[in-house]
Asks: 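Take a look at the following structure, please.
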There are 2 protein chains.
Amino acid sequence: MQNTPDQPVTSYTLITEGAPIAVNSHGGRAKCLQRLTRLNMPVPRTVALSFDCVRGIAQGQVPDAKDMLASFGDRPVVSVRPSSEDPDWGGPGAILNIGMNAARHKVMAEELGQEAADRLYTRFVQSYAVHVARLDPDEFEVDDSDSADALKRVLEAYEFECEEEFPQDPAHQLEEVLRSMARAWEGTTARLLRQAKGAPADAGLGLVVQEMIFGLGSGECGSGVIRFINPQTGHRQIEGRYKRQSQGRDALDGDAVFLQKDARGTSMEELCPKCYATLTGYGASLREKLREEMEVEFVVDNGELRILDAIRVQRTSPAAVRVAVDLANDKIIPREEALLRIEPRALTELLHRQVNPDAPRDVLLKGIAASPGAATGKIVFSATAAQASQARDEACILVRRETAPEDIRGMHAASAVLTERGGMSSHAAVIARGLGLPCIVGASDLKLKRKEKRLILPDGRELGEGDLITVDGSSGDVLDGAAELLEPTLEDGFRTLLTWAEDVSDIKVRANADTPADAEIARRFRARGIGLCRTEHMFFEHDRLTLMREMIFANSPDDRAAALDRLLPMQRADFKKLFEIMRGERVCIRLFDPPLHEFLPHTREGMRELAGALDLPLSDVERRVKALSEFNPMLGMRGVRLGITVPEIYDMQARAIFEAAAEVSAEGQAIIPEVMIPLVSAMREVEIVKARIDLVAAQVRAASGVEFDFRLGVMVETPRAALRAEEIAPHVSFLSFGTNDLTQMTYGLSRDDAGRFMSEYVRQEVYAEDPFHTLDTDGVGELLEIGAERARRSQPDVTLSICGEHGGNPESIAFCRQAGFDYVSCSPFRVPVAWLAGAHLALKDQIES
Amino acid sequence: MQNTPDQPVTSYTLITEGAPIAVNSHGGRAKCLQRLTRLNMPVPRTVALSFDCVRGIAQGQVPDAKDMLASFGDRPVVSVRPSSEDPDWGGPGAILNIGMNAARHKVMAEELGQEAADRLYTRFVQSYAVHVARLDPDEFEVDDSDSADALKRVLEAYEFECEEEFPQDPAHQLEEVLRSMARAWEGTTARLLRQAKGAPADAGLGLVVQEMIFGLGSGECGSGVIRFINPQTGHRQIEGRYKRQSQGRDALDGDAVFLQKDARGTSMEELCPKCYATLTGYGASLREKLREEMEVEFVVDNGELRILDAIRVQRTSPAAVRVAVDLANDKIIPREEALLRIEPRALTELLHRQVNPDAPRDVLLKGIAASPGAATGKIVFSATAAQASQARDEACILVRRETAPEDIRGMHAASAVLTERGGMSSHAAVIARGLGLPCIVGASDLKLKRKEKRLILPDGRELGEGDLITVDGSSGDVLDGAAELLEPTLEDGFRTLLTWAEDVSDIKVRANADTPADAEIARRFRARGIGLCRTEHMFFEHDRLTLMREMIFANSPDDRAAALDRLLPMQRADFKKLFEIMRGERVCIRLFDPPLHEFLPHTREGMRELAGALDLPLSDVERRVKALSEFNPMLGMRGVRLGITVPEIYDMQARAIFEAAAEVSAEGQAIIPEVMIPLVSAMREVEIVKARIDLVAAQVRAASGVEFDFRLGVMVETPRAALRAEEIAPHVSFLSFGTNDLTQMTYGLSRDDAGRFMSEYVRQEVYAEDPFHTLDTDGVGELLEIGAERARRSQPDVTLSICGEHGGNPESIAFCRQAGFDYVSCSPFRVPVAWLAGAHLALKDQIES
C-alpha cells in the first residue's frame, strides 16, 4: 500500500534483508525477525506494521487487509504478534490462525487431517471471541480442542453471544484483529503498566503479520522453543521443549519432550535429527550477531525447520551477570556494554538467599520488605533468646514490636528479623540492611503477646516460640514453615563485573562497617575503605556495657576517666582489628554519638540489677535514669554535644584510634585513620574538639614514637552544618553528609516515628517516595549541594561524601556525583550496587558527550 | 600649651563659652560643663583634656602640669573627673584636692580652720595612695578623717608603703593623677566592661581638671546635689540633698539635709535661701537647653553658689518613658527623639511587678530568669493544687520538675512558676512568657520531693506546700517569704509612647494569643491582630479533654467525627470570642498541632480512670497509649501530618472557624480569619489540606448564607518548607515562620532537652547565644531569608511574618524587617517592645538616609 498526502500513514513493510525496519519505528520483534532473515534462517513470510501505522489503526484508519493478505498467497492463514520498542513494555497477546473459516477448515481437513483442522479453527475462534469480540472466556473454554464437537461448540457460542455468524472473510478477520490489538495498546491499564516499566507516554506499538506454519499434519510436525543458556544460572547449555502436532508456545505447557538426547525419554534429537542439528547450529551465530542470548520459537513442518520468532531469554540476575560477562569476555560486546546491561539494583538479588519463586508459598502475613533475602528459623521473642538459639546452633527469627540498640546482639544472632512497628528507616530496617539480614518491618496485622510468647496472625492463627517460619525480606511475605530457598551464587562473573565497575566508576565507594565481620564483607565487595564506623555498638557487649554504665554514674571527671581507661584497651583492639582487615584503606571512625541513656536499663528489673552491680541504692539509679531521659533523644544530648560536655569520652576514643594506628603502622602497615565528629551544628564545636584531639595525637606520637598521620572530619547531619559549611570546612579534611539524620531534621521527621503515617503519605503522593529510602533531592539534596559548594569555596581540597542509608541508592549516587562528591559510603551489601551505579553514570556521561 | 609638629597631641582647652569642645573629642562631661557655662551658671574654672591628649598621656606624653596649673592661679587646688563620650561607659573615679601638700595644708588651716584643712589633705592622700600609687585601700582607712591624727596616719602609711615622702609638688601630683586615670581607661577589665555596654574598641577618655571649690570653712559652706524629677516615676519635683561642710558627693552618703522646706527637718532652703532660690531657678533652663533631666552637683562656698557638674539623672524605665514623653509634649525634643531615648527592652520592666531593689533580699535559690516580673505566693506542687489555690483566692507558686502541656491550667492559676529543669526555651519558660507570668527555670540546685511535697534547698533547708516564697523572674532569684514588690506603672506616658511607636514603625506587630485574656492584653498593647492562636490548649479543659480522648479512641472515622461534632460548638465559641475581642483585626488560627498522645494520661492511675470513663478494658487503654507513644514526639505524628491522616480534626476546626466568622460577620463586624497549617514539609500537604478547607468554607457559606472571606497560610517550621517556599507560596496567602521549631530542626536540638547543656555551650562560646532566645541569624536566619526570597519570587503578594518566641526580640525584628517581612508576632507582653523596636529601626534608617 502507498501513502498519499491525503491519507494517514498506514504503511506496512515486508520484512526482507534490506527493508527499512528499525526498532524505534517497527519495534523489537520486527527488527529481530529481520536479523534472523539476514542470518538466512528460514523465517516465514512476515509483514511489519510501523508504530505510525498501528496508531492510525487505533484511530480508525485500517490498511486494506485484503491487499496485505494478497502477499501471503492464495489461501493465507496468518498470525499477528505485537512488536513494541522494548519487549518488557508488554503488549497484546499473539493471535494465530487468522484466515480460518469454514471453507479453509474443509480444505485443511483434507490436507492435514480432520483433527488438525478442527484444532486450528477452534483455536482461532477462541482467540477471536475473547480478544477481538471481547466475549467471556469461560464461554469458549473447551477441554478437547481437537474434536469436531469443540469446534461446533465454540462456533455456536459465538453466534449465541454475538447474534451473528462467526466472520468468514479473512480480510475482515485480520482488520478486526489489527484494530483490537491497536486499541488494546491505547487502553489505560496497558498504558499505566508500561509506563511503570519506564515506557514513555507516546510509546508506539508495531505489529508483525506472519504466514502461519502449522506444526500440524502429516510427516514430522510440531513446534517448540530452544535457548542456549540456563536462565537460572546463565551457564551455556541447550534447553527447551518440542511437542509434536502443536503450534504456538504449546510445547511449554504440557507433555512436550526435551530437545537433547539424554536419559529423560524420547527427544527431538531422535525424532527429527536433521532439524535438531540445524537448530542447535544456529546457537553460536544468534549469540554473536544478535549479541544476546535468545530464546527461539520454531516449527517443524513435515520434517522441515522454520524459525517463527526469537526473544531475549528471561533470566535471573545471576544469569544476567554471567551472560553479560561471558559476552564481553568473548568480545561479542565491549565491557562497557556488559556493565550497562546489568541494573545496579539487580545485584542485591545475587547477594542473598531467595525463596524459590517456583515453590508454593503459604503466606501467613505481609509487612514492609525492609531488607532483602530470605531465611528460615524458629521464632524467638527476645534478643536473649536469639543468642541462646545461636548458642544451640539453631537458626532463629527475632520477632519484636520494634528493635532498640539493646537488641543489636540479638539481631546479630538471628537469621532474620520481623517487627510489628516501624518503616523502611526504623532501627530494625536500618540495622538489618547493615547486617545483610532479611527483615520485614511494619507487619502491623500481627498481634504480639510478648509475655505469653505468642503472636496472633490476622486470620486468628497463633504461633509461639520455636515455631518455624520463613521471612522473605525481598517480598515482605512471612511464610509458614521452611520455604524452599535458593542459595546466592557469588561466582566469577560477579567478581569480574565488580572489578570492571570499579575501574569505570568515577565516584568511589566505601562501606559503613562497624565490626570485623562487616569489614571483611566490605573488602570482599571491593569497598575502598570504611566511610562510617559507628563506635557505639562496641559499648553494648556485656563487660563493656557495665563499664559504660559505671562511667555514666561516675561522680567526678576522675571516676569517669577511670572507667574509660578500662574501656580504652578494648576500643583499641576493635580499631586495630579493623585497620588490619582494611590493610591500608581509609577507615573513618565516627566518635561516640548516641545519648547516654541508651546505655541504661529501662525496666525496673534492669535498674535493680544495675543498682546491685554498682552497689548503689535503687532510688539513685532510678533518679539518674530519669534525669538522663529526654523528650526528643534525636535532638538531645548526643554527638558532639557529649564531646563538649563530657570530653573524656572523645579523649579516650581518640587515644584508642591513635594507639591502634601507631601499633598497626609499627607493624609495617601504614594507616591513616579518619576521625569524624557527629552532629555538628556550629564551627566552634569543631574547633574545641579538634584542639583536644590534636593534643591526644601529639601525646600518642610522643609516647609511641610512631609518626602516624590522621584526618579529622565532620559529619554533616544538621541543616545548620550544611548552611555553615564554609566556616567549618577550613578546620577539617573531610565532610561526610549523614543523610539519615539530615533527612530527619530537614523534614522535622523522626525515622523511628515516621512509620505510623509514611505509607499513607506515599499512597496519597504527599511525598513521592519515603525520603529515608530515596534521597529527597529537592530539600535534603539542596542542603547537600549548598554544603558541598560552600565547603569547597573555603577549602577546595576538602573530601566530600555521604554516609547515610542513601549511599547505596543509584539515584543518590547520581546526585552526589553531580554535586562533585568524592565517594559514597553504604552498607557492605550495597557496595556492589553502588560500584555498578557509579559505573553506569560514568558510562552514560561518556555516551552523551 | 601649643602643639608643634614634633610633639604628640596633648592639647588641653580652657572651657569657655566659645572653646572648641565636642562630645566626640572631649567627652560628655566637658561638653556639659561648657553648656552650663553658656547658661551663665557659676562653674569654676575648668580645663578639658581631649581624648587624643589622654591617649598621649597613657603613652607617656604627659602635658606640662605646671603650665596647666598656672591657669588656676597662685595656689591651685584642683579636681580631675573623667569625661567619656557616653557616661554609661564608666571611667576612673573623680580625684579631688590635687595640689594639697604640707605647705598648702598649713595655709588652709589658717584660712579654713584646722579641721577642714586636715580633711582636705587626708582625703587627697587617701585617693592618691589608692588610685594613683595603687596601694591597699585597707591601709588608708580612717574613721575620723577630719582629725590631725588621721592625716598623720595616712601620711605615715604612704611613706611606709612607698618608702618615700608623700609627693609635695602639685604639678607632679597632677601629672601622676592624669597618668593613672589615662592608664586605668586602657586596662583590660575597664575595656571589657565598657565594650559590654556598647562602647567601640577605640572609645576615648577625656578628662576635666577643675578648680576646687571647697565647701568647707567659714560662713555657709557645703555641697549637694539637686534634680528636678523623681527618678522612680519621672514626675517633676525637686529632689536632692545638701550637707554643710562637705565636698564631692558626700551629701549622698550620710546625715545630709533635704533641699526643700518641709516637715522633715532643717532644709537647705532655710540654711541658705538665696542659694536655694538660684539653684531651683536653674531647673527650667537646664531642662530646656540641655534637653534632659539633669542631676546637678553644687557647692556653697561662704554663702555663694557654684555649679561643679551636671549629669543625666539615673532613672527607672517608667521614669525614662515619662521624661521622654514629657520632653516631647513640651516640644523640647521631637517625638522621634523621645522614641529613640527608650531602649525597647526597657519596656518589659514597665509591664511587670518588680521586687523593690532597695528592700533586703533573702535569696533561697538561684535559677534562670526565664520570664520577667515578680510574684509572691504559697508553694504548690501540682497543677491541681494550683487550681485549688486559685479557687480559694490564694496566690500560689507552681513548683515542678518541669512543666508539660497538662500543666497549662495550673500555670494559668498560679502567680509564678519555678522549675528544677529546663532552659530559656523550655515549656515552662515559653508558656510563662506568653502568659506574662514570672518564671524561673533550671533551678537545678533544688531537690524536689514531689511525693512528700517538699523541696530541699542547697543549704539543706526544706520548704513544703503552703510555704510563702517570692519568685523574681527578672533576676532569677527565689526569695524567702513575701518580698516587697513595686507595682507596674502603666500610665499615660507609656500609652502615648506606644501610639507614637506604632505610627513610626514600618513593620507591624501582632500578638501570639490563645485565649480571650491574651487577646485583651494584645489589644491593650495595640497589637495589629493575632499572629498565632494555638488551638490545642482549647482541648485541655476538662469536658473537652474527655471528648478529645473519645475521639482518639474512636474505632472508625464516624465515631471520630461524632466526638469532634461535640467539640465543634466549643471551638466555635472560642473563636467567636477572639474575633469579637479583636474587632475586625486579623486573627491567625493555627490548626491543631501537637501529637495526640499529649492528650492521654501517662500514669497507670490516669489510664485506669480513662478506662473507666470510656468503658474499656485497662489493657486496651494501655495498648493504645503505648501505640501512640513516640520516640521523638517533636519529629513525629503532629501538625499537618495529623491533618492528612486524621482529616476530621482539621475539618472540624475549619468549620468552627468559619461558622464563628459567619456569625460575627452577620452581627456586623466583618472578620477575615486566617487559617494556618502547621509543620508543613511538602507542597502536596498544602494542596490536600487546602482542598478540604475550601470545601468546608463553601459548605459553611452555603449553610449560613454569609459571604465571609478567609486566608489560608503555612507555618514554616521545617527547613524543607523554607527551602521549598517557591512551590508552596502560590497555594497560600501567607507564610509565617515558626522560629522555635525551625531553630530546633536547623540545629537538630530539642528546646526541651537543650537545657542540659545550653549553659555550658554558651559559657564555652560554642553558641554565641542560646539560639532559642536570640535568633540565630547565620543559620536559622538564612533559612528565613531563603524562604522569604523564594516565596516572593513565585507570589509577590504573599504576607511574610515570624511568630516564634523570637518575634519580640529587637534583633530578630531588625532581621525580619531587613528581609522584607510584613509583621512579627510575639507574646502579648512583648508587643510594646516590638513596636518600639520597629520604630527605632525605621527612625535609624531615616537618620542614615
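Protein chains get the first letters and strands the later ones, always in sequence-line order, with residue 1 at the start of each.
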Asks: Of the listed residues (B:T718, B:I786, B:L749), which shares the most heavy-atom pairs with chain A below a 4.5 Å separation?
Replies: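 Greatest number of close heavy-atom pairs with chain A: B:L749.
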Asks: Please classify the contact of A:V646 with chain B as side chain, backbone, both or neither, using a heavy-atom distance under 4.5 Å.
Replies: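 Interface part for A:V646: neither.
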Asks: Indicate, with yes or no, if the rings of B:F599 and B:F592 have centres closer together than 6.0 Å.
Replies: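 Yes, ring centres under 6.0 Å apart.
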Asks: Give me the atom names and distance for the closest heavy-atom approach of B:P678 to B:M715.
Replies: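 It is CA-CB, 4.0 Å.
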Asks: If I measure from the heavy atoms of chain B, does A:D741 come under 4.5 Å with its side chain, its backbone, both, or neither?
Replies: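 Looking at A:D741, nothing touches chain B.
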Asks: Please determine, among A:E727, A:M634, A:Q744, A:E717, the option with the most heavy-atom pairs under 4.5 Å with chain B.
Replies: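 Going by pairs under 4.5 Å, I would pick A:M634.
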Asks: Between chain B and each of A:Q764, A:E687, A:R401, A:E765, count heavy-atom pairs under 4.5 Å; write down the option with the most.
Replies: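 Option with the greatest count: A:Q764.
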Asks: Please classify the contact of A:A627 with chain B as side chain, backbone, both or neither, using a heavy-atom distance under 4.5 Å.
Replies: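 Interface part for A:A627: backbone (N, CA, C, O).
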Asks: Counting heavy atoms not belonging to A:R793, are there more than 12 under 6.0 Å from its CZ?
Replies: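 Yes, because the 6.0 Å sphere around CZ of A:R793 holds more than 12 heavy atoms from other groups.
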Asks: With a 4.5 angstrom heavy-atom cut-off, which part of A:L628 approaches chain B: side chain, backbone, both or neither?
Replies: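 Backbone plus side chain of A:L628, per the 4.5 Å heavy-atom cut-off to chain B.
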Asks: Within the 4.5 Å heavy-atom criterion, are A:V441 and A:T403 side-chain neighbours or not?
Replies: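 Result no, sub-4.5 Å side-chain heavy-atom pair not found.
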Asks: Yes or no on side chain to side chain contact (heavy atoms under 4.5 Å, CB included) for B:R790 and B:L723, after CA distance, side-chain angles and deciding distance?
Replies: CA-CA 8 Å; B:R790 293 182 183 181; B:L723 293 170; 4.1 Å; yes
Asks: With a 4.5 angstrom heavy-atom cut-off, is it the side chain or the backbone of A:I644 that approaches chain B, or both, or neither?
Replies: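 When you check distances to chain B, atoms from both the backbone and side chain of A:I644 fall under 4.5 Å.
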Asks: Can you say whether A:E402 sits under 4.5 Å from chain B via the side chain, the backbone, both, or neither, judging by heavy atoms?
Replies: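 Only the side chain of A:E402 comes within 4.5 Å of chain B.
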Asks: Contact part of A:E782 toward chain B, heavy-atom cut-off under 4.5 Å: side chain, backbone, both or neither?
Replies: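 Side chain only.
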Asks: Which bit of A:R638 comes within less than 4.5 Å of chain B, counting heavy atoms only: side chain, backbone, both or neither?
Replies: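 Answer is neither: A:R638 stays 4.5 Å or more from chain B.
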Asks: Under 4.5 Å, counting heavy-atom pairs only, tell me which of A:G779, A:G748, A:P633 racks up the most with chain B.
Replies: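 With the most close heavy-atom pairs to chain B, the winner is A:G748.
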Asks: Under 4.5 Å from any heavy atom of chain B, what part of A:R751 do you find: side chain, backbone, both or neither?
Replies: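 For A:R751, neither part sits under 4.5 Å from chain B.
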Asks: Applying side chain to side chain contact (heavy atoms under 4.5 Å, CB included), run through B:M676 and B:S736 and close with a yes or a no.
Replies: CA-CA 8 Å; B:M676 181 156 68; B:S736 188; 3.6 Å; yes
Asks: Tell me, please, whether A:Y761 has B:R641 positioned over its six-membered ring: NZ or CZ under 6.0 Å from the ring centre and within 45 degrees of its axis?
Replies: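 No; the conditions do not both hold, so B:R641 does not lie above the ring face of A:Y761.
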Asks: Stepwise, does the side chain to side chain contact (heavy atoms under 4.5 Å, CB included) test hold for B:R400 with B:R421?
Replies: CA-CA 8 Å; B:R400 303 279 290 164; B:R421 287 171 62 172; over 6 Å; no
Asks: If you compare all heavy atoms of A:P719 against all heavy atoms of B:P719, which two are closest, and at what distance to 0.1 Å?
Replies: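 Shortest heavy-atom contact: CG-CG, 3.7 Å.
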Asks: So for B:V640, is it side chain, backbone, both, or neither that comes closer than 4.5 Å to the heavy atoms of chain A?
Replies: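 Answer is both: backbone and side chain atoms of B:V640 are under 4.5 Å from chain A.
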Asks: Can you say whether A:K626 sits under 4.5 Å from chain B via the side chain, the backbone, both, or neither, judging by heavy atoms?
Replies: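 Backbone plus side chain of A:K626, per the 4.5 Å heavy-atom cut-off to chain B.
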Asks: For each of B:A682, B:S681, B:A721, B:A722, tally heavy-atom pairs with chain A at distances under 4.5 Å, and name the one with the top tally.
Replies: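 When all of B:A682, B:S681, B:A721, B:A722 are compared, B:S681 has the most.
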Asks: Measuring heavy-atom distances to chain B, does A:F631 have an atom under 4.5 Å in its side chain, in its backbone, in both, or in neither?
Replies: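 For A:F631, backbone and side chain are both near chain B.
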Asks: Is A:R724 in contact with chain B via its backbone, its side chain, both, or neither, using a 4.5 Å heavy-atom distance?
Replies: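 It is the side chain, since no backbone atom gets that close.
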Asks: Run the side chain to side chain contact (heavy atoms under 4.5 Å, CB included) test on A:M745 and B:T746 for me, step by step, so that the C-alpha distance in whole Å, both residues' side-chain angles and the decisive distance to 0.1 Å come before the verdict.
Replies: CA-CA 7 Å; A:M745 291 164 193; B:T746 305; over 6 Å; no
Asks: Show the nearest heavy-atom pair for residues A:P594 and A:L642, with the distance to one decimal.
Replies: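 Scanning both residues, the minimum pair turns out to be O-CD1, 3.3 Å.
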